[in-house]
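Remember, it's a predicted structure, so these values are computed and weren't measured experimentally.
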Amino acid sequence: MAELGEKVELYPYSYDRTHNSVQARADESQLVESETKVRFPGRIMAKRGTGKTLFVPISDEWGTLQAYFRKDDLGEERFDQVKRLIDIGDWIGVEGTLFRTRTDELTVKVEDFTFLAKAIRPLPEKFHDMSLENKSRRRHLDLAMNLESRERFKLRSAIITDIRGFFSDEEYLEVETPVLQPLYGGATARPFVTHHNALDMTLYMRIADELYLKRLIVGGFERVYEIAKDFRNEGMDRTHNPEFTMLECYAAYWDYHDMMDLTERLIRRLAITFGNEGKLTYGDLEMDFNQPFARLRFMDALEEKTGQDLMTLSDDEVAAVAKSKGITLKKTMGRDKILDELFSELVEPDLIQPTFVMDHPKELSPLAKAHRESDGLVERFELFVAGFELANSFSELNDPREQRSRFMDQKALIEAGDDEAQPIDEDFLQAMEQGMPPTGGMGMGIDRLVMLLTDSNNIRDILLFPHMRPEGGQ
RNA sequence: GGGCCACUAGCUCAUCAGGUAGAGCAUCUCCCUUUUAAGGAGGUUGUGCCAGGUUCAAGUCCUGGGUGGCCUACCA
């Protein structure tokens with residue numbers, strides 16, 4: 001290393017590439033025939049020497065191209081330098097003509113080469129998969145070693161780009177709302193709490209975008225959406241990370257039926273673009289998005305599973321049904337919470353094909369408009385696919401008097417010890433009091449969606465830098 | 001949160017009943033002018049996660065802690 005550093009530049013400033021690994025393969029016949037000199041940069045992934053020759057697979061973002069160093073071509077001094085001082089992990093650029101080896105591998109016959117960056121720490125061993133922990137903790141190594149990891153994250157990017165394209169086609173305006181909020185709201189979750197020094201005040205990191213996006217509807221924007229990180233101070237597991245990417249969209253004059261149609265258009269488009277003719281495979285499951293999505297009323301689904309019309313039962317009778325289905329009841333659970341538990345237990349596991357679950361109990365949806373026909377229900381839907389809840393949507397509550405009363409109910413829950421209930425947001429109420437048009441809103445968990453579209457069973461596989469405990473304790 | 005399991009060389013893993021640690025890859029030396037998990041000969045590589053305890057003796061058994069994985073519960 002010291003010896004090498006004195007002779008050659010190890011960390012130059014740039015390199016002029018003529019071809020990447022894919023372009024070289026695509027233009028192979030023309031490049032080989034005309035003996036065109038290519039300049040190809042990348043990272044050394046292996047080193048196979050045979051006396052006076054050296055084969056070096058070089059990998060770039062898109063794939064790998066092999067370089068062939070030959071003593072007769074480079075001269076003794078230069079060849080010895082390559083052989084001794086090039087290491088796996090180094091970035092180099094090679095210049096030469098393309099040919100096919102005896103074993104039919106497209107190869108650059110090197111006439112000249114340049115160090116682009118010397119690695120002084122080795123890459124991981126190549127024959128075994130890195131553990132998920134190592135992949136997640138040292139993503140740069142995962143990406144360096146595994147083309148399929150690079151492809152998966154490029155796919156994530158393409159999915160999000162396509163979602164933006166969809167909303168652009170639908171004439172939605174992309175906006176940005178605050179991450180740091182004086183009050184959190186829009187979902188039931190515990191927030192991360194932080195502090196603003198100059199104003200000496202507590203701020204919360206958002207758990208949802210909802211209340212700010214609705215202010216924009218009040219302000220007169222008719223269709224808005226945001227794709228951004230939300231933060232929830234809760235458990236982590238295979239499908240949950242403390243910070244996660246959420247899509248929310250709102251449209252004036254729409255109700256939840258309109259939103260259902262929009263959601264179906266979006267998901268079908270993604271399934272066609274990223275799946276196999278509108279079909280997706282997730283683990284053992286096979287989903288078809290070509291047919292109209294099933295639409296299932298929440299209470300009807302429960303009735304089918306329990307054989308009882310739970311709407312007509314008393315609170316005690318509902319609790320008894322839940323117990324008979326093996327659900328552990330807690331004191332803080334209201335009637336609607338119990339219904340929700342029943343639903344999760346009895347219905348959700350069967351929701352493999354895309355299914356809209358509609359018309360939920362009211363208590364669980366403090367920001368949704370009451371159902372126009374059924375007392376005690378709200379106009380809400382959730383989209384389930386492969387057992388995942390992918391999207392959540394309401395006809396948004398826009399009556400400020402009703403909204404205030406719902407907030408009061410939430411406040412009662414907080415006082416009863418529910419630390420996930422939503423606090424009263426006077427500023428938001430004030431905005432609504434100034435008039436919010438009828439509005440449809442929808443939220444979608446992008447990470448879940450990407451898991452589904454990439455057939456990944458762990459959220460860490462589709463987050464570049466998932467949250468991890470610090471290594472080594474403390 | 002609860003349960004089960006794991007942690008040994010830079011990486012992936014062995015060490016079966018407690019006797020003081022090994023393989024492949026990487027690395028180092030040498031041979032080899034079309035290799036591709038190249039091959040051949042030889043060498044180096046360890047706070048056995050941490051801290052206690054039991055024992056003549058602990059990577060191995062016990063206790064506590066740390067980190068990770070899987071299952072389970074809840075929010076996306």
[N] and [M]: how far apart are their [atom1] atoms, nearest whole angstrom?
N	M	atom1	answer
G59(B)	C16(B)	C1'	15 Å
G64(B)	U54(B)	C1'	15 Å
G18(B)	C56(B)	C1'	12 Å
U8(B)	C50(B)	C1'	15 Å
G53(B)	G10(B)	C1'	33 Å
G19(B)	C62(B)	P	15 Å
C32(B)	G42(B)	C1'	16 Å
G39(B)	A57(B)	C1'	44 Å

Applying a 4.0 Å non-hydrogen cut-off, can you work out what [X] is touching in the nucleic acid: base, sugar-phosphate, or nothing?
X	answer
Gly51(A)	base
Asp340(A)	sugar-phosphate
Glu389(A)	sugar-phosphate
Phe99(A)	base
Asn392(A)	nothing
Gly443(A)	nothing
Lys83(A)	base
Arg232(A)	base
Asp447(A)	nothing

If we call it a pair only when both distances are under 3.5 Å in a Watson-Crick or G-U wobble match, what pairs with [N]?
N	result
C61(B)	G53(B)
A38(B)	none
U67(B)	A6(B)
U20(B)	none
G1(B)	U72(B)
U27(B)	G43(B)
A14(B)	none

Whole-Å gap separating [atom2] ([N]) and [atom1] ([X]):
X	N	atom1	atom2	value
Met45(A)	U35(B)	CE	P	22 Å
Glu234(A)	C74(B)	CD	P	13 Å
Asp73(A)	U34(B)	CG	C1'	12 Å
Arg238(A)	U72(B)	CZ	P	8 Å
Lys47(A)	C32(B)	NZ	P	16 Å
Ile446(A)	A76(B)	CD1	P	14 Å
Leu74(A)	U33(B)	CG	P	15 Å
Met145(A)	C25(B)	CE	C1'	10 Å

Shortest side-chain distance from [X], nucleotide among [options]:
X	options	answer
Glu341(A)	C74(B), U33(B), U27(B)	C74(B)
Lys52(A)	A26(B), C32(B), C74(B)	C32(B)
Gln66(A)	C32(B), U27(B), U35(B)	U35(B)
Ile88(A)	U33(B), A76(B), A26(B)	A26(B)
Asn458(A)	C70(B), C32(B), A76(B)	C70(B)

Donor/acceptor link under 3.5 angstrom from [X] side chain onto base of [N]:
X	N	value
Thr50(A)	U35(B)	no
Arg48(A)	U35(B)	yes
Glu105(A)	U35(B)	no

On RNA chain B, check which nucleotide each of Ser136(A) and Glu382(A) is closest to and give me the residue with the more 5' one.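 Between the two, 5'-proximity favours Ser136(A).
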Does the protein touch nucleotides 6-14 of chain B at the base, only the backbone, or not at all? Give it as B, S and - per nucleotide, heavy atoms under 4.0 Å. ----BBS--
Taking protein heavy atoms under 4.0 Å as touching, what does nucleotides 41-49 of chain B look like 5' to 3' if B marks base contact, S marks sugar-phosphate-only contact and - marks none? ---------
Strictly under 6.0 Å, is that where the ring centroids of Phe113(A) and Phe69(A) end up?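 That pair passes the under 6.0 Å test.
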Near-ring test Tyr282(A)/Phe388(A), centroid separation under 6.0 angstrom: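 Yes, ring centres under 6.0 Å apart.
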Scan Arg380(A), Lys369(A), Lys214(A) and name whichever one has a salt bridge (charged side-chain N to carboxylate O under 4.0 Å, His left out) with Glu396(A).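 The option that passes is Lys214(A).
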Minimum heavy-atom distance His467(A)-Asn241(A), with the two atoms named: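 Nearest heavy atoms, His467(A) then Asn241(A): N-OD1, 3.0 Å.
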Restricting to non-hydrogen atoms, name the atom on Leu85(A) and the atom on Lys118(A) that form the minimum distance, rounded to 0.1 Å.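 Heavy atoms of Leu85(A) and Lys118(A) come nearest at O-NZ, 2.7 Å.
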Hey, is Phe55(A) stacking on A38(B)? Ring centres under 5.5 Å, planes under 30°.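 Stacking between Phe55(A) and A38(B): absent.
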Would you please name every residue forming a ring-ring contact (aromatic ring centres under 6.0 Å, His included) with Phe384(A), sequence neighbours left out?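 In terms of ring-ring contact (aromatic ring centres under 6.0 Å, His included), with neighbours along the sequence ignored, Phe384(A) is linked to no residue.
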Apply ring-ring contact (aromatic ring centres under 6.0 Å, His included) to Phe394(A) and list each qualifying residue two or more places apart in sequence or on a separate chain.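 If we apply the ring-ring contact (aromatic ring centres under 6.0 Å, His included) test to Phe394(A), skipping adjacent residues, there are no hits.
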Does the Arg150(A) side chain pair with the main chain of Glu61(A), one donor and one acceptor, at a distance under 3.5 Å?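 Here the side-chain-to-backbone pair exists.
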Please check: side-chain N/O of Glu35(A) versus main-chain N/O of Val32(A), any donor-acceptor pairing under 3.5 Å?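 No; judged by distance alone, with no hydrogens or angles, the pair does not exist.
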Does a side-chain N-to-carboxylate-O contact under 4.0 Å join Arg215(A) and Asp425(A)?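 A salt bridge links Arg215(A) with Asp425(A).
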Could you tell me how the ring of Tyr225(A) sits relative to the ring of Tyr172(A): parallel (under 30°), tilted (30 to 60°) or perpendicular (over 60°)?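 If you compare the ring of Tyr225(A) with that of Tyr172(A), the planes turn out perpendicular.
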For residues 36-66 of chain A, pull every pair meeting ring pair (Phe, Tyr, Trp, His ring centres under 6.0 Å), keeping only residues two or more places apart or in separate chains.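 The answer is Phe55(A)-Tyr68(A).
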Can you see whether Phe153(A) has Arg156(A) sitting over its ring - NZ or CZ less than 6.0 Å from the centre and within 45° of the normal?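 Pair Arg156(A)/Phe153(A) does not count as cation-pi.
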Please enumerate all residues that pass side-chain hydrogen bond (donor to acceptor under 3.5 Å, both in side chains) together with Tyr184(A), with sequence neighbours excluded.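 Applying side-chain hydrogen bond (donor to acceptor under 3.5 Å, both in side chains) to Tyr184(A) gives none.
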